[in-house]
Structures are given as C-alpha cells and as structure tokens.
Amino acid sequence: MPLPLAINKPLELTFTADDTVALQGDLDATVPAKVWDKLLKRPASASSASIAPSKSLTLDLSGLTVLDLNGAAQLLWLKSIFEKKEMTVSIKDVPENFSPIWDLACRTLAPRAPLPSKDTLIETVGHHFSDFFKDMTALIAFLGEVIANFILLIPHPLKVRWKTTLAITEKAVVNALPVTALVAFLVGLILAFQAAMFMKLFGVDIFVADLVGLSIIRELGTLLTAIVLTGRSGSAFSAELGAMKINQEIDAFLTMGLSPTRDLALPRVIALTLATPLLTILADFAGLLGGNVVMITRGYPVSVFWTELSGHLSTSDLGTGLFKSLVFGFTVAAIGCQRGLATGSGPGAVGEATTKGVVTNIVVLATLDSVFAVLFYVLNW
Amino acid sequence: MSSTGENAPKEFVYPVEVEKLDVGYPEQRVLLEKISFKVAPGEIVGLLGPSGCGKSTLLRHLVGLEPIKSGQIRLFGQDLWAGGGVHIDSLRRKFGIMYQGGALFGNLNLIENVAMPLKEFSNLPQGAIMVAARLKLSLVGLEGFEHHLPSSLSGGMQKRAAIARALSLEPKLLFLDEPSAGLDPVTSAGLDGLIVTLARNLNLAFVIVTHELGSIMTTIDRAILFDKEKKGIVAEGTPDFLANHSETLEAKAFFRRGSNNSRTTHA
C-alpha cells in the first residue's frame, strides 16, 4: 500500500454570499476528492446559509497557502464541469506569489482535443478479421520463401550453413531428447493403463498392445514430439530472432544484402525438419515402452507385447507417422522463425512474438493432424 | 565561481546537500572520496566528468537506489539514508527523475504514464488527475500526443514525456540522467530550453548528469567537475568560468573540445 502524501494545511471551502466560495489551505495533490463533493453536489435549492444555485460561481483564492500545477488542474477541471452545466466560473484574488503558476496553467492547457472515437463492434470484428488474413498471408508467404530458398540451395549444398545447422540441431533437438522421451513414456503408460482397465472386462486386454502401438506410432508420438518442440525450440527461435529484430541485427542483415530467411531461418528449418523424425522414433519407442510396462504388470511377458504389436503394425503406420513428423518439424521451425522475424517494436514485443509463435504452432499442428487423418483414411494408408 | 542559488528566496531549505560522501558500490573501490556540494532551489547544477568517474553512481546514491559507503545526503533538509525504506519512499515523493532512455512504461500511453503517480499517491478526482496529466504533457510540448504509446514517439519526445511524468507530483527537485544523449542538436536544444523554462517558471532545482558541452554551456547555472584520478571535485563554477577562466587542467581538458568546436565554427 503506497504511503499517502503528507498534508500541511487541509483545503477548506467556505460558502459565502454572492455565489462565492472561498478556498483556504493547500491546493495541491494532497486535496481529497471528497472536498469537491461539497461544491459539486450542493442541493438544488440552497438554504440561506449556503450559496443559492445560479448561473455563476466565483472561486476566491485569496486564502490559499499553496497553489501548484496540480491545484491549478483541479480548478480547471471544476471550471470545465460547471461550464458543461452552462454555468460561468470566475476566479478571483489569486495570491500574487501564485499568479505565475495559475497564468502558466491557463496559458498551457489548450482547449481539450476530442478523443479518438472508439470502433463499433462491427468495425472491431472487421479489423480482427483483416488482421488475421494479413497475418496468414504473411505466414504463407514466408513458408513459400523458405521453400524457395531451400530449392535454390539444392544445386549448391555447400552454401547451406551446415555448421550453424548442426549447432541448432544439437541445441533444439538433441537436448530435447530426455524431455520428449519422458513425456512419451508417461503418455504410453497412462494410455495402456486406462485401456487395460476397461478391456480386461471383456478379456481382451492383450489388444492393449495394438491400441497403444497404433496410437503412439500413427498419432501421439508424432504429435507429442511436435508439441514439445513447439514449446522448447519453436518458442526459442521466435525469441532469438525477435531479440535480433529489436537490436536491429535483422536490419543489419538486410542492409548488408543478406537474407534473414536464407541465413537465419533456413538453418533452423532444416535442422528441425531433418531431426524431428529421428526424435519421433525415440518418442515412439519410449511410448511403447510405457505400454509394455503396464502389460508386464498385468502378467504378460515382454515377448507377448512385441509379438502382438509386430503382428498388427505395418510399415505404412510407421511411414505415415514419420512423414507427419517431417512436416511438423518444418512447420514448427518455420512458424517460430516467422513470428520472430515479424516482431514489432517496444519492450513487450519479443514476449508477444513468442506467445504468438507457440499459439499459431499449436493451432496449425492440430489442424494439419486432422487433415492428415482424413487424407490417410481416404488413401487407405 | 558563482554563488549557489541566485534565484532562491532568502530563507530556504537546500533541495540537495551532500557532505563528505564516498561514492562507490559496496565491496568495490571508492570512485569519489569525501565530496561535498549543495543545490539551491531553482538552480540547475550539472555533474560533469569523464566516463567511469562515478557520476552515475553518485546519481544512484542521490535517488536512494544505491546505499552510501560513508558521508551524508540530505534532501530538503532530511537525511536520505537515516531511515529505512518507508523514510526513503517518503523522500522520493519530493523529487522526480528522468532516466537516460526515458523509462516510460511501454504498455501505457503517455497520459496514463503521467497520471500514474497521481493515481497511486493522491486522492484527487479522476477527472482532475487527467487534467493535471494533460497539463504536464502540454507543458513539455506534447499536447495532442496523450493517447500515443511511447514506442510510437521519437527519442526526444519520449524524454519530454519522461520529464512530464517526473513532474507529476510537483516535486521541487528533478534529477536528469544524460538528457541530451542520443538526440540531434535541434531536439537537444529544445530539451535544454524546456529545462531552463521549467527551472525558472516553477522554481525547480535540477541535478543533471551530462557530457554534452552544448547543453552544459546553455543550460547549466553551476557545473561540478569530477575527476577519476583525483577521486573528487576538481572544479566548480559557471560553465563559462570553467571554460574560459579556470586554471584547472581537468577543466581545460574537459572544455577544450567545446572551445575547439567554437573556433572551427567561427573560422
């Protein structure tokens, strides 16, 4: 709780005859709002002791012991309120030592400029839609730019910054191995446990192996890996590139004739695109291991789980999962980089870019996964 | 050397009194030893010296951000470091500070930035607070920019807005850290003019840490020159006196560039 300002001489209002109010004491930031209530909420029909309501009011400042700009602002505020009620307010007997301050305040404060009008609901919705489409256009254009840059570099593979790419692979993917494996293992474990409880009732808990295997390899292993990479690496890309934008390093790249897309984004995109399938294989294995642990606790030997699994899983299951992980790796890196490079200005811009990167990635991943599910069903893969 | 506080009333409390102060961070070497000076009401005092001599650390001591090693700082007659946090907080209401980059709150527009101290510390009606904030912004030449975010303004405008915020609680003392840094000469001259206007019209005392010779010559009433080697005040007086009549080597070295510049200009 902040300390209140120290008051020396509290401001007092004295209502005198002839529509005059005498102000005595300190007129500064220490005045409590309730002091003015006496003046603003005076009764419509005043008693003989107080001022009679009329079209004019005089504020007598001769008793003021302090008047500063905050005090002058209060007088100007009162004047504007009474003038809205079509009353004239005059100020009289400003003490000589305070008249420079009062003159300065009156001179400085120009008539109030009209506030910018707020948008209507339709305008607000329209602006949001327009911003959304602009945002999506920029995102798609960037994805195209990344792909074009990649294609252009195919005949010149040595021009790719492989050293940077390997360093990014280590930082963004290899270092993500433990967390990805742990998450996938626990999800496999939970999935198997929940399924086994129910399937036991029908005596078909052997099929838990198939359920876990198909779910992990076709869907969950891929999706979990992509989500972990979004939170861990995609956001880091947004923050890194956003900080570079704020520090004008991106401007320096452009003015040197270099391409931030080719030199900054592409190594990140290549690193994540190529390494995500490998990380997904590890996540798949960890997930299956989780399922296997549950099966062991329910009395099935290790070999039963793997035999059951190999009987029902095909290479297309593994292929579709890995294909998706390739696309997801590309998406996570490209969106992370685009959000970073599109960072605005101001202290919160990097944080905002990172948040936007993560949110966009999660929405795009979920959408793409649904599209792939339908596509693979139609293609019978 | 000019006497301090020519514009000050006959009886007054010094806004700043520094006595035998050792300047430096804890556990580190002393940058300035046993320095003493005063700032009178309405006076614009410049703290000058080469980089690393301890000016900015002194400023942090003066505003209560860095504990002192030894000596005394009195603001408006009260010992700044005599009490705890509550005591320092109560004294902080009596001065304003403008940081080098402005340090405006990026998520608030200008009028909200300026109104914030009044909203926090006063019980004024909301309407009066807004009029007061608008008044301060108009005073620094930013009328019409009330609803702009700091990021949409130039460096000079941000510094003006930072001065308006520092004036929010009507202090009688303002600390400015490198007000001209990073500004073009025209904007810098405009800011210098604003500082002088505020000092004269509101009888505000200013303590300014600066390197800009142009600003020093046109703005400052009294300059205090520190030296890194001698760890203390080596010269004190009006900028004109220090530039043209001081026999101190450090003063000659500091102001030489200005003299050379002026010769080049006239040539």
Atom [atom1] of [X] with >12 non-hydrogen neighbours under 6.0 angstrom:
| X | atom1 | answer |
| --- | --- | --- |
| A/E123 | CD | yes |
| B/Q100 | CD | yes |
| A/E12 | CD | no |

Inset, instruction - Check B/P125 against A/W36 and note the closest heavy-atom contact, atom names and distance. - result: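 Closest approach of B/P125 to A/W36: CG-CD1, 3.8 Å.
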Inset, instruction - Specify the closest pair of heavy atoms between A/A73 and B/A128, including all atoms of both residues, with the distance to one decimal. - result: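 Heavy atoms only, the tightest pair is CB-O, 4.1 Å.
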Inset, instruction - Indicate yes or no for a side-chain donor-acceptor contact from A/N70 to the backbone of B/S168 under 3.5 Å, with no hydrogens or angles considered. - result: yes
Roughly how far apart are [X] [atom1] and [Y] [atom2], rounded to 0.5 Å?
| X | Y | atom1 | atom2 | result |
| --- | --- | --- | --- | --- |
| A/T30 | B/E170 | OG1 | CD | 11.0 Å |
| B/T197 | A/L104 | OG1 | CG | 9.5 Å |
| A/L76 | B/L135 | CG | CG | 7.0 Å |

Inset, instruction - Examine whether an atom of B/S152 lies under 4.5 Å from a heavy atom of chain A, and if so say whether it belongs to the side chain, the backbone or both; otherwise answer neither. - result: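 Neither part, no heavy atoms under 4.5 Å.
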Legend entry - Residue A/L69 versus chain B: region with a heavy atom under 4.5 Å: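 The answer is both parts of A/L69.
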